[in-house]
Amino acid sequence: MEHYEIIVNGHLDPRRADWFAGLEITQLSGGKSRLAGEIADQAALHGILNRVRDMGLQLLAVKRQD
């Protein structure tokens, strides 16, 4: 498993973490949200990114943490 950080434009409700495979949701300044946590594999990552797209959120960054 790898640790990822995903930044999107828009504030997400932290209670929706289950929509994003249990990633921790943090609201950032400037109307952005950070999703962070362990993602099992590339298929799971693409599933989360598809959810971001389906919700019409603007993807700002995807970073794999070492």
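Computed over heavy atoms, backbone and side chain alike; hydrogens, waters and symmetry mates excluded.
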Where I39 and L45 come nearest, the two heavy atoms and their spacing: CG2-N, 3.5 Å
V62 reachable from L28 in the ILVMFWY side-chain graph, under 4.5 Å edges: no
Within this structure, what is the CG-CD1 distance for the pair L12 and I6, rounded to the nearest 0.5 Å? 10.5 Å
Side chains of V8 and L35 in contact at under 4.5 Å (non-hydrogen atoms): yes
Looking only at heavy atoms, the pair that brings S33 and G10 closest together is OG-O, 2.7 Å
How long is the gap from NE2 on H46 to CG on D41, to the nearest 0.5 Å? 9.5 Å
Counting C-beta onward and ignoring hydrogens, is there a side-chain heavy-atom pair between R64 and H3 closer than 4.5 Å? no
If every non-hydrogen atom of N9 is compared with every non-hydrogen atom of L57, which pair is closest and at what distance? O-CD2, 3.8 Å
Can you measure from NZ (K32) to CD1 (I7) and round to the nearest 0.5 angstrom? 8.0 Å
Heavy-atom nearest pair, R16 first then I25, reads C-CD1, 3.9 Å
What distance separates Y4 OH from I48 CD1, expressed to the nearest 0.5 Å? 9.5 Å
Which heavy atom of G31 sits nearest a heavy atom of H11, and at what distance? CA-NE2, 3.6 Å
Within the 4.5 Å heavy-atom criterion, are K63 and Q65 side-chain neighbours or not? yes
Rounded to the nearest 0.5 angstrom, the CG-CD distance for L23 and E5 is 11.0 Å
